[in-house]
2 protein chains.
Amino acid sequence: MGGGPRFEPVRAVRAYERVVEQVEEAIEGGDLTPGQHLPSERELMVQFSVSRSTIREALRVLQARGLVRSRPGDPNGAEVLPFSPATLHKSMTTLARVAELSLAELVQFRMVLDSAAILLAARLRTEEQLREICEAVEALRAAAEEDPRGFGAADVAVHDAVARASGNKLIQICTDVVRSIVVKLVAERIADDPDRRALMRRSIRHHEEVLAALRAGDGPLAARLLRKAMYDYYADYVDESERSALRALLE
Amino acid sequence: MGGGPRFEPVRAVRAYERVVEQVEEAIEGGDLTPGQHLPSERELMVQFSVSRSTIREALRVLQARGLVRSRPGDPNGAEVLPFSPATLHKSMTTLARVAELSLAELVQFRMVLDSAAILLAARLRTEEQLREICEAVEALRAAAEEDPRGFGAADVAVHDAVARASGNKLIQICTDVVRSIVVKLVAERIADDPDRRALMRRSIRHHEEVLAALRAGDGPLAARLLRKAMYDYYADYVDESERSALRALLE
DNA sequence: ATGCATTTGTTCGTATGTATC
DNA sequence: AGATACATACGAACAAATGCA
């Protein structure tokens, strides 16, 4: 074994990828901030000394990753976008389809993340955040009586307020992404439920119980109640064989 | 307000996007399964009646989403890939950078997901899975004594075995993604630690305690021990101001 | 409000290196 | 080893869209 230089295997890297890498580094490194614009495609092909097709392929990839957006005719060039969980949402949605995630797995994930959020909220919330949550629950109650169509949106608002109060952006984003996937999956079935008003009433009661525990500062209780509420809400739509996995979180 | 037709706002949709959509539907709908190949670019430009560049931009987007891969000269055309969490990993990594996720938030997320995984594993594991976990812990112990460089990989193997035993693919994937991000963030700092062997010994002890609780079927205890262990492992690398958020999970 | 110059979206043609039969 | 078909990359061109004077 000679002590010569250790060569690493090289992979052929496409021209457009090197363009993507450089732009990506500039954005993640803060040299390009949201709202700023990249040079025009023709300018970029000079700077990178590649053809326009290569530049365009690179821009498509950057766009698919949610980092930039280009509009036809814009003399300013592609715009650097502020972060949005859109690509995370997209990849998790395809994950749900392609990896064949069951509804049970998604609901279970929600039970884990949302109960963690409320546990943290119970312990770390500010007064301001508590007020926001209370108002959201109040709006939920109003929606149930006056505007049943807005019930879903009001419910989202409650959970989002709780997630924000958890103080963890990653939890907030992931709860949001998974919730929207779950909601989409069961939307029709819930809309078809003949006893929708009863479902809403029970949901309101559950929210109020959880809120009471949250105000009392009893995080574990709030988390347990939330998991139970979520189980009751979704159990009917989950295959019997998978319900036991959900019940494993109810202790 | 006339009751006329409700028009929806239209957005100009690019040609390459329509190509992407159709291919995406074919894959998610199961018409194209992993291992199969798309027609060649020249064939695709006939089928979609668009130019070569448009096809190529569409393929770049599909590649960025991890759905296909194309190699130069491949007579079979682009290959449809089996699902991999690579794109989820990518988007979460950029999320961590661009959304400025702190190490504390990432570690907190791990504490939530990994403790949920072990709670579920304690209740739903099969004998086979328990054996795999035990073997992984055994390998960890061996690595600590014989091959310290392999300690990290052995640790990953333990956590992955637990995540698999949870029975939830989404939990498994997300723990994997977030773990690799966290590990990358603290890798240098841990490698520089003068007392690495002591860290490993403590880690081993923690793993054994958690494993004991797991064998005893005490999920909540195992979860609590795991959170504590993870806190002890990472607390030093987290800003003092954010440690309280982590402690909120220790009850 | 109207052109005008510039940019993107898209097309077509061509050259080159590569993988498979 | 050669032929064939392929992906990669380049360059020129036109239409539609945009921003600005």
Side-chain angles (χ1 to χ4, degrees), chain A residues 9-24 26-27 32 34-82 86, chain B residues 7-24 26-27 32 34-82 86:
Chain A
V10 293
R11 61 186 171 88
V13 58
R14 321 273 199 276
Y16 80 92
E17 277 206 64
R18 313 197 64 155
V19 176
V20 168
E21 283 175 13
Q22 289 197 43
V23 176
E24 220 166 23
I27 293 177
L32 283 169
Q36 282 190 315
H37 289 263
L38 267 57
S40 74
E41 293 181 358
R42 286 175 177 80
E43 175 66 27
L44 286 174
M45 66 186 262
V46 175
Q47 292 192 22
F48 288 102
S49 68
V50 293
S51 76
R52 194 150 93 96
S53 310
T54 301
I55 291 294
R56 286 185 58 77
E57 289 178 25
L59 288 177
R60 290 294 83 83
V61 173
L62 289 168
Q63 184 157 344
R65 294 191 184 162
L67 295 175
V68 306
R69 173 188 54 181
S70 45
R71 297 178 310 161
D74 190 340
N76 295 319
E79 180 187 2
V80 178
L81 294 177
Chain B
F7 296 122
E8 291 183 0
V10 292
R11 61 186 172 88
V13 57
R14 323 273 198 274
Y16 79 89
E17 276 202 66
R18 313 196 65 155
V19 175
V20 168
E21 283 175 13
Q22 289 197 43
V23 177
E24 219 167 24
I27 293 177
L32 283 169
Q36 281 191 314
H37 289 263
L38 268 58
S40 73
E41 293 183 359
R42 289 172 178 80
E43 176 65 28
L44 287 174
M45 68 186 258
V46 175
Q47 292 193 22
F48 288 103
S49 68
V50 292
S51 78
R52 189 83 185 280
S53 308
T54 301
I55 291 294
R56 287 183 61 76
E57 290 178 25
L59 288 178
R60 290 291 87 85
V61 172
L62 289 168
Q63 184 157 340
R65 293 190 185 162
L67 295 175
V68 306
R69 174 188 57 178
S70 45
R71 296 176 311 165
D74 190 339
N76 296 319
E79 180 186 1
V80 178
L81 294 177

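A, B, ... follow the sequence lines: proteins, then strands. Residue 1 opens every chain.
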*Asks:* For Thr54(A) and Arg56(B), test the side chains for any donor-to-acceptor distance below 3.5 angstrom and give the result as yes or no.
*Replies:* no
*Asks:* I'd like to know whether CZ of Arg52(A) has more than 12 heavy-atom contacts from other residues, nucleotides or ligands below 6.0 angstrom.
*Replies:* yes
*Asks:* Does some side-chain heavy atom of Arg42(B) sit less than 4.5 Å from a side-chain heavy atom of Val46(B)?
*Replies:* no
*Asks:* Taking the side chain as every heavy atom from C-beta outward, state whether Glu24(A) and Arg65(A) have any atom pair closer than 4.5 Å.
*Replies:* yes
*Asks:* Expressed in angstrom and rounded to an integer, what is the separation of Arg56(B) atom CZ from dT11(C) atom C1'?
*Replies:* 15 Å
*Asks:* Reading DNA chain D in the 5' to 3' direction, which nucleotide is the first one with an atom under 4.0 Å from a heavy atom of chain A, and which is the last?
*Replies:* dT8(D) to dG19(D)
*Asks:* Considering every strand and a 4.0 Å limit on heavy-atom distances, what is the contact class for Glu41(B): base, sugar-phosphate, or nothing?
*Replies:* base
*Asks:* Taking the side chain as every heavy atom from C-beta outward, state whether Arg60(A) and Ser70(A) have any pair of such atoms under 4.5 Å apart.
*Replies:* yes
*Asks:* What I'd like to find out is whether the side chain of His37(A) reaches to under 4.5 Å of the side chain of Pro75(A), using heavy atoms alone.
*Replies:* no
*Asks:* Tell me the closest heavy-atom pair linking Ala58(B) and Val19(B), and the distance in Å.
*Replies:* CB-CG1, 3.6 Å
*Asks:* Please report the closest heavy-atom contact between Leu38(B) and Leu59(B), naming both atoms and the distance.
*Replies:* CD2-CD2, 4.0 Å
*Asks:* Please write out the pairs of protein N or O atoms and N or O atoms of nucleotides 12-14 of chain C separated by less than 3.5 Å, giving the distance to one decimal.
*Replies:*
| unit_1 | atom_1 | unit_2 | atom_2 | d |
| --- | --- | --- | --- | --- |
| dC12(C) | N4 | Ser53(B) | OG | 3.4 |

*Asks:* Nearest whole angstrom, please: distance from the C1' of dT7(C) to the CG of Asn76(A).
*Replies:* 10 Å
*Asks:* Where along residues 60-74 of chain B does a heavy atom come under 4.0 Å from DNA chain D, residue by residue in number order?
*Replies:* Arg60(B), Ser70(B), Arg71(B), Pro72(B), Gly73(B), Asp74(B)
*Asks:* Any heavy-atom pair between the side chains of Leu67(A) and Leu32(A) that's under 4.5 Å?
*Replies:* no
*Asks:* Counting C-beta onward and ignoring hydrogens, is there a side-chain heavy-atom pair between Ile27(A) and Val68(A) closer than 4.5 Å?
*Replies:* yes
*Asks:* Between dT6(C) atom P and Glu43(A) atom CD, what is the distance in whole Å?
*Replies:* 14 Å
